[in-house]
Every structure is written in structure tokens, then in C-alpha cells.
Amino acid sequence: MVEINFNTLEQKWQKKWEVAKIFEVNENSKKPKYYTLEMFPYPSASGLHIGHSFNYVLGDILARFKIMQGFNVLHPMGYDALGLPAENAAIKVGSHPEDYTNKSIINFMKQQKALGLTYDWSRVINTADSSYYKWDQWIFLKMLEKGLAYQKESSVNWCPKCNSVLANEQVQEGKCWRHEDTSVEIKHLKQWFLKISNYADELYEGINKLDNWPEKTKAMQKNWIGKSHGTEIDFEINGKKWPVFTTRPDTIFGVTFVVVSAQHSKLFELVTKEQKKEVETFLKKLKSVSEKELETLEKEGVFTGSYAINPINGEKVPVYAGNFVVADYGSGMVMAVPAHDQRDFEFAKKYKIKIKHVIEGKMDDGRAYVGPGKLINSLEFNGLDNQKAKEEITNFLIKKKIGRKKVNFKLRDWGISRQRYWGTPIPIIHCSKCGAVPVPEKDLPVKLPKEVKFGKGNPLETNEKWLNVKCPGCGGKARREAETMDTFVNSSWYFLRYCDSKNDSIIFDKKKVAYWCPVDSYIGGAEHACMHLIYSRFYVKFLRDLGLLKFDEPCLRLFHQGMINDEKGEKMSKSKGNVIEPIETIKKYGIDTTRFFLISVASPDKGFNWSDEGIQGSLRFIRKVSESLEKTKLGKDSPELEFKLNLTIKNLTNYYDNFEYRKASIELRELFELIFEQKEISKKSLENSLKLLSPICPHITEELWSKLGNKDFLSMSSWPAFDEIKLKVKKQEVDLNEKYINLVKEIILRVESKGVKVTKTYLYVVPFEVTKINKLKVSKEIGKELEIFSVKDEKKYDPENKSKKAIPGMPGVYLE
RNA sequence: GCGAGUGUGCCGGAGUGGUCAAACGGGGUAGACUCAAAAUCUACUGGCUUAUGCCUGCGAAGGUUCGAACCCUUUCACUCGCACCA
């Protein structure tokens, strides 16, 4: 047998596509646009792994399908090159991050090109290039102008391994998202923040409009943004008003104490002289608690010495400092109702504080009653249903001007300061006279200096020449901001830049972005649900408000690809040595086989366990297809093939549109299996079959296409249409009489076996079947008297309304 | 605890009311080819000593229906995400 040299064949076609520039696109097309995007990679020296390829192949199949469907398809690629891992990896191998990254990118590109992807390489982006991050800085300055970028002293999450600050989203179970063995420390630092909270409500409500996003991702984002409606109530403490947020104003008569967060910035305004020592001891103890213990921490607190006055009934209740109250949510202070809140209950038990019931309901096995009920012990509100009471009490408080309705969000502002080198420099100059002065727009970009020393602390602090500059305000001595931006800043808007990636005078041409965006289909890992995918929604809303965009959401459809594990089902990792490199697989089996295998073993969203044996099956199929021309003569189609081809066109059109590639691969196998059985097949049908396979296996189909005498590219040809009539004809070929006889016989048998005597049978069929049924024949065969009605027949005898069950090819049956 | 989702044959997985012992693939068994192996091809691959027949069967238990893997109720198991947000 002649072994096909897939590698040569594949390279040949890749070269031809490249020379013809068929995947390079522009806005001057009469076709409708389609923007499909895969999340860009973080280039590392180890190169592309099979999970990357899976991601790209999923997107590529869609892109190829859409091209053939007649869309003007934008399918770009770039590199999320800035960030800590690259810096750390570079230090480890004794290289400079810039050199390390550039090398990695070249390697990545080479491997991506080998996959035969439809990228428009003329638009490639590298976020580590100052021509890109210049616009990060520009956006930052715009945010500063609008008051959305600001500096504040705050407690921040600090990872000792990264030697830097982390955003809230980057802290997972008290650990760094990059170092699962490293506990995050809390440090107090002056930091730059982006006011994402300004958009909290729009980010939350906008989720409802994201119809083509996975439910799970939407739920995660909602949970993360955490919108809750409640009431803010003023409690008076030592003559001053302290607001408290609650979602349960109906329980206000049950308040027996108030808890202020131990981290509250104004805590000591509440602490009396007598209690000062005790509170300080408590705070010290809290600091010594490690992050691990925090997860199972018992609710603890200490009396501050102060009392709060419950505004609704004037009751005096003690104020505690507690470890379980979140300082920067609401006002950092809560009213405690131990009878109807589990946390308050535990706290009250521990410190022997009074528990007062204000809602009817039993407290089971020593737990607070949190269910619904009627109010008690609540003066004029007694007897009210507690849901109703929420409104009435809030209205009462509003009238008295001691409370108001309030919406609170869990979403915090985004801390973007990083004390590391390999990130976008924050375009700020600190002057002793003028304070923090923005770098003038004309001086952008602030480039990263190459000369720095790595090792201790922030490398940017080691280049004095770069650091020392004149103040743009007064011209005096000043110093650059030595912090860089979080890497997620770079990825928050890169999909916009693709539309005009070479523009060096403005961030992008509004018209070009208006043409291509929003992204029609976005593919990437689910791990970005609460980081990248919230940040980019925020950026889009901000840029829209600047007047640069006319849409609200970055992408209309989102798809998360599954994980590819090793044969044992374990996650691939370098340390385990179980990483499958696509380059190796491609060399061995060819690209088309690899692509076919990747999508045929599992649903794209579920992933699968890699198997070297499994790929043999795909190889067998690809070989057979590539030999199909020799095996099958060109001629006429059999009716069977005609039908199957039509059906396959119809189904695959749907499958490709909905990431159901696995099903597509199955039907393609069936179709080609049938083709191999044929003595002859029409050229047109064979060509159409090749078209159907082309998105998954573009190389061999292109080869066969040209062997059939075509001079153009199959990749650019038009998607085949199917003939609905031919599908219907096939259905009608089935002999209804035979079918109905068997069916009714079976039912009668079943019913009679239960002891019921059947004398007469009624069939209800869809109208066009009425004439097709031979009443005499059927009646004779089943041995019963028979009546046949059309379901549309108004006068039909149908005591149990069985006619509603009838569908084409399936009657409703009533027995007497 | 809250949220999202999943449970089908040896395995991966189709199938959402009748044509289902259940697509397609992987694996396995037997046979053909071959000196032999690989590749390729053919048959079988829930049980019943073999039948266009019966039984069992789609996590478990009930229910609706002439009929359920598919609809309803309850339940169990697993996976993932969030977790003191008042």
C-alpha cells in the first residue's frame, strides 16, 4: 500500500493559501461580516500544547464554515505577552523577559501555522510591544480624566511568591491563583484602582442580555458581582449616625447587638477607653491567624464599649467588633438579629447576648429561624407577613428619614498595581510639588526600559535613569511611577485592536471597529468567567461612554472548550511529563487526522482523555477518504446516496453552526462509508461531500478538490445547499400500511393480554395520510373492525381525544 | 450551605414519547489475506445453546401513557464554580 505523505501535501496547501492571502480580510466587502475569535495565548517557551490546538481548531472549523457560507470572516490571532509568568520564567533561565517572550512567540506562531489555521496574520498583536501597550496607557489616562482611575491606600492581597499584589479575582481560597501552595498575605499599600464598581449595575443587568453565553458563566458572573437589594438604616452611636445595610429590615425589632468589622477604618472611633486594650489584643490575635485557619474560623468578637440606638424603638444595644463582618461591603457594619440569622445566632450564643424573636417560626435544633412568617414583638407591625413588613418598615424608616432603600454589590474596584517589571508601565509621574501627574498624551508610550536588575523587589526601581524625569507640570525633579499594570488590562480590549492593529495615531478607527465588532463568536477556557470576561465587558462599556464604540457587550456568543487530559484522565502538566505536543502528533499522523481526531472523540465543551490508540481510527478514515477518488468511479448517484447527502448537508449546516462538531464527524463517517460502497458517484456529489468535510480536514479535501479538476480553492468555495424535497420523498417511500398494521397489531396484543377485549379500532392520522391507507387491508390484517379519521375531521368519533397524538407516520389509536 | 451541570453497553459517547438491544467510534473475539507480524477486509461483541422469538436493560424508586432512555415526582451519586456580602 502506498503511504500518503500527509506532511508534504499539507505544507503544499498551506503555502498556496498563504501566497494567495485568502484569509486576509478588509472592511470593503459586500458580504456580511463574521468575527470569530479564540482567546489569545500567553506565550511560553514550552510552546503549544494539545489544549491550545483544541481551542484553535474549534475556532478554525467555525471560521472555515462561515467563509464557505459566504461571510467576510475576521479570524485574528495575537499574544498576551506581558505578565508575571514570563518574567519569572525568564529570570529562571537567566534571560531577559523581552527576549524570552519574543522567542516564545516565534515558536508559537510556527506551531500554529502548522495547524493550517485561517488566521489573518497581517493583524497579529503582541501586547508586549509598546505600539500596543501605548493604548493601555492611553485608556488609563482617559479613565483618570473621568475619575475612574484613582489611587488609594488599601489593604491588598499580596502574594509573596509573585512578589506582587493580586486582584480579588486572582485570590482563590486564600491562595494565589498561580501558586496554589502560597497563602495570600494582606498588606497595606497605596495602589492604583480602576472604578469597575461604577459599572456594577450595568455589568449585572447586562448579563440577562447575553443569550448565547453559557448559563454557568452567567451565573458565576452574577454571583461575583453580587447585586442585592436592601435597606440602609442609621443607628446612632455616641451621638453620631452610623449606617447599616440589611436585606432583612423586617427583623429590625429583633436587633440585640451591632457588629462592626474588625478591619473597619473608623473602628477606634467606637472603642471606649476602658475597652481599648481588649480590642487591640483581639486585633493582634486576628493578624496571627493564617489564611488556612480563616476558612474554618469561628465567629469571634470583642465589645467596643459603645452602644447603638435602634432607631425604630430606641433600644440600646451593644456594639461589637467582629471578625466575620466584611469591611468593604455595605458600610462594614451590620445589625445583628440572632433569632433570624445563623451567623448572628452563633455569635450571640458565644457571648451570651439576648435573642429576641420577631418572626413566628420554630428554631430547629438550635439554629436561627430564617424562614417566612408573621411578625411578633414588633409593635404596630405585629401580624404582618414578613415580606410585606420589609416594605412597610422601610417606608416607615424613609418617612422618618432614618433609612433608605439601597442596592449593594459584592464587586470591588479593580486593583491594577503590580510591583513587577513585565507589564504596562502606569503613565504617571510623581512630583513633590504637583503630586501624581499624568504623562501627557504626546509622550506616550512610556516604554519599559530594558536595563533593569532582577532579584530584589521591583526591577523598575533599579533603573535610575528611567525613573528620574522632569515633572510635566512644573518642570521640577520628579520620579516615574514604577508600578506596572495587571496583565488583564492588556487582554481587556485586544479584540478591538485586531480591527485596526497597525494604527499608530489612534487606538483604532471607529469605523473599522463598528464594522467588525462585536465579536460574533468567542472561544476560550471557562476559567476566565470572572476575570477576563468581566474586565472586557467593563472596558467595552467605558470605551462606549468615551464615544468610541456603539455597542454594549464585547461578544455575542461565548463558548468554553473542554479540557484535554492524558490517557489516565489526569491534567497535562510539564511536571508530570504527560504533555502531548501537537507538533509530534502532526508529524506522525498529519494535521487533518489530528484535527479530525480532536473533534471526533468528544463534544467540544466536554474535552476528553487523549488516547494514542484512538487516533488510529481517525487516521484510517482520513486514508480512506484520500483514496476515495481511486476507488469510486464518477458517474451517476444512487437514490440512497442522494438522500444521505442531502440529509448530511442539512444536519451538518446546523452542527457546524452550533459547535456540534463531534456529531458532524459521525455523519461524515457515515456519508463517506456509503460513498465507498457506491459503484459510481456524480462529480457534483463528491465535490459536495468534500465541502462538508473541508472545515475539519481542509488539506486533503483541497487536494482532492484540485484532483477533480478544480482550479480555485475549495476553502473559498460556497457551502452546498440541500434539497428539502428529496428528504421528504424518502420519508413517503415507507409503506404506511405495513407500518400501521404492525403497530396496531402490537398495541392490540398488549391491551388484550391485560384481559381487555378489543372489538373495534379507530385510527387518527394526519390529513395527507388518509388516502394512503388501505382500510380493508389493514382491517383484515389486524382482524378487527376499523375506522380511519383525519385529525382535522370535525365529525370524527374520538372520545379520548387520541387524535392529538397523531404525527406524520404515526397515528393516534383508540380501541373499543 | 448556595449556584450550574452530569448520570446510557467493556470504554468514549449519540439518542429527548413508537421504526431502540440502542447510532458512530475505541477496545475485544473469531475469520480472510500473509511464511509471520503490522496494515486492510468480513462477522460477532446484554442474556437465552440461537430465534426476522422471548427476557433483561439507559443511576434508583414511583407515576402519566396502549407504549418511556426520552414526560412528571421523589431519591441517590458524581463533577465544577462561589463561599461568613448581613
Side-chain angles (χ1 to χ4, degrees), chain A residues 1 3 172-174 214-228 230-231 244-249 251 258-259 261 294-299 322-337 340-344 346-347 370 408-412 526-527 529-530 560 563 569 596-597 600-603 605-609 611-621 623-624 627 660 662-670 673 734 738-740 742-744 746-754 756 758 761 800 802 805 807 809-815:
Chain A
M1 189 204 131
E3 186 61 50
Q172 287 157 5
E173 289 175 34
E215 286 305 319
K216 190 179 171 177
T217 306
K218 291 198 278 185
M220 279 168 75
Q221 288 209 356
K222 277 198 170 180
N223 186 40
W224 187 261
I225 298 167
K227 184 180 185 178
S228 61
T231 308
V244 149
F245 178 74
T246 182
T247 52
R248 293 294 305 272
T251 63
V258 164
V259 191
S261 168
L294 253 177
E295 285 163 36
T296 51
L297 200 64
E298 204 180 317
K299 284 160 195 50
N323 64 353
F324 66 98
V325 176
V326 177
D328 51 359
Y329 181 75
S331 59
M333 189 185 266
V334 298
M335 61 176 229
V337 187
H340 307 294
D341 182 283
Q342 186 56 24
R343 292 156 304 188
D344 301 346
E346 283 169 32
F347 194 86
V370 295
N408 256 323
F409 294 94
K410 282 205 265 185
L411 186 71
R412 309 294 146 78
E527 68 273 18
C530 286
H560 295 309
M563 286 271 281
F596 190 83
F597 177 62
S600 68
V601 266
S603 302
D605 57 334
K606 284 183 187 151
F608 63 101
N609 300 338
S611 137
D612 245 355
E613 269 158 359
I615 200 169
Q616 300 290 347
S618 298
L619 182 61
R620 265 197 290 273
F621 174 70
R623 276 211 191 108
K624 274 166 86 173
E627 289 159 12
E660 295 181 293
R662 188 173 195 276
K663 290 188 202 166
S665 77
I666 287 166
E667 290 208 21
L668 281 165
R669 275 180 189 271
E670 287 172 356
E673 215 44 65
V734 180
E738 282 296 315
K739 190 176 166 184
Y740 282 16
N742 289 330
L743 185 84
V744 176
E746 204 187 308
I747 292 172
I748 290 172
L749 200 72
R750 221 178 289 139
V751 172
E752 291 199 324
S753 71
K754 287 181 185 169
V756 184
V758 176
T761 304
E800 286 188 14
K802 296 285 186 189
K805 293 204 165 196
I807 52 168
M810 188 53 56
V813 182
Y814 176 63
L815 304 174

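Order of the sequence lines fixes the chain letters, A, B, ..., with proteins taken first and strands second; residue numbering starts at 1 for each chain.
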Check whether any side-chain N or O of [X] sits under 4.0 Å from OP1 or OP2 of [N], and answer yes or no.
X: A/Tyr814; N: B/C66; answer: no
X: A/Lys624; N: B/C41; answer: yes
X: A/Ser228; N: B/A86; answer: yes
X: A/Arg623; N: B/A39; answer: no

Candidate nucleotides [options], ranked by approach to the side chain of [X] - the nearest:
X: A/Ile666; options: B/C24, B/A86, B/A4; value: B/C24
X: A/Tyr329; options: B/G5, B/A86, B/C41; value: B/A86
X: A/Trp224; options: B/C84, B/C82, B/A86; value: B/C82
X: A/Met220; options: B/A86, B/A4, B/G81; value: B/G81
X: A/Arg669; options: B/G15, B/C24, B/C84; value: B/C24
X: A/Lys663; options: B/A86, B/A14, B/A4; value: B/A14
X: A/Glu670; options: B/A86, B/A23, B/A4; value: B/A23

My understanding is that a pair needs two contacts under 3.5 Å, Watson-Crick or G-U wobble. By that rule, which nucleotide pairs with [N]?
N: B/C2; value: B/G81
N: B/C66; value: B/G18
N: B/C44; value: B/G28
N: B/G7; value: B/C76
N: B/A51; value: none
N: B/U34; value: none

So how far is it from [X] [atom1] to [Y] [atom2], rounded to the nearest 0.5 Å?
X: A/Ser665; Y: A/Glu670; atom1: OG; atom2: CD; answer: 10.0 Å
X: A/His560; Y: A/Glu527; atom1: NE2; atom2: CD; answer: 8.5 Å
X: A/Phe347; Y: A/Lys299; atom1: CZ; atom2: NZ; answer: 10.0 Å
X: A/Glu660; Y: A/Ile666; atom1: CD; atom2: CD1; answer: 10.5 Å
X: A/Arg669; Y: A/Arg620; atom1: CZ; atom2: CZ; answer: 8.5 Å

Next on the checklist: By nearest heavy atom, map A/Glu673 and A/Val334 onto RNA chain B; which one lands nearer the 5' end?
Outcome noted: A/Glu673

Next on the checklist: Please compare A/Asn408 and A/Val601 by the position of their nearest nucleotide in RNA chain B and report the one closer to 5'.
Outcome noted: A/Val601

Over all strands shown, is [X] touching base, sugar-phosphate only, or nothing at heavy-atom distances under 4.0 angstrom?
X: A/Gly617; value: sugar-phosphate
X: A/Val326; value: base
X: A/Asn223; value: sugar-phosphate
X: A/Lys218; value: nothing
X: A/Val325; value: base

Atom pair distance, as rounded to whole Å: [atom1] in [X] and [atom2] in [N]:
X: A/Lys410; N: B/G3; atom1: NZ; atom2: P; result: 12 Å
X: A/Phe621; N: B/G26; atom1: CZ; atom2: P; result: 11 Å
X: A/Lys299; N: B/A83; atom1: NZ; atom2: P; result: 15 Å
X: A/Phe596; N: B/G26; atom1: CZ; atom2: C1'; result: 13 Å
X: A/Glu527; N: B/C80; atom1: CD; atom2: P; result: 14 Å
X: A/His560; N: B/U79; atom1: NE2; atom2: P; result: 21 Å
X: A/Arg620; N: B/C24; atom1: CZ; atom2: C1'; result: 13 Å
X: A/Glu346; N: B/G1; atom1: CD; atom2: C1'; result: 12 Å

Quote, to the nearest angstrom, the [atom1] distance that separates [N] from [M].
N: B/G81; M: B/C70; atom1: P; result: 30 Å
N: B/G17; M: B/G12; atom1: C1'; result: 27 Å
N: B/U79; M: B/G31; atom1: P; result: 43 Å
N: B/A32; M: B/G46; atom1: P; result: 24 Å
N: B/C41; M: B/A51; atom1: C1'; result: 29 Å
N: B/U56; M: B/G5; atom1: P; result: 35 Å
N: B/C78; M: B/C71; atom1: C1'; result: 24 Å
N: B/C2; M: B/C84; atom1: C1'; result: 13 Å

Next on the checklist: Looking at A/Arg412 and A/Asp328, is any side-chain nitrogen of the basic one under 4.0 Å from a carboxylate oxygen of the acidic one?
Outcome noted: yes

Checklist entry - Is there a side-chain contact between A/Val326 and A/Lys410, using heavy atoms and a 4.5 Å cut-off? => result no

Next on the checklist: Any N or O donor-acceptor pair under 3.5 Å from the base of B/C80 to the side chain of A/Lys216?
Outcome noted: yes

Item to check | N/O donor-acceptor pair, side chain A/Arg662 with base B/G12, under 3.5 angstrom | outcome: yes

Item to check | Check: A/Val325 main-chain N/O paired with A/Ser261 side-chain donor or acceptor under 3.5 Å | outcome: yes

Item to check | Ring geometry between A/Tyr329 and A/Phe245 (parallel below 30°, tilted from 30 to 60°, perpendicular above 60°) | outcome: perpendicular

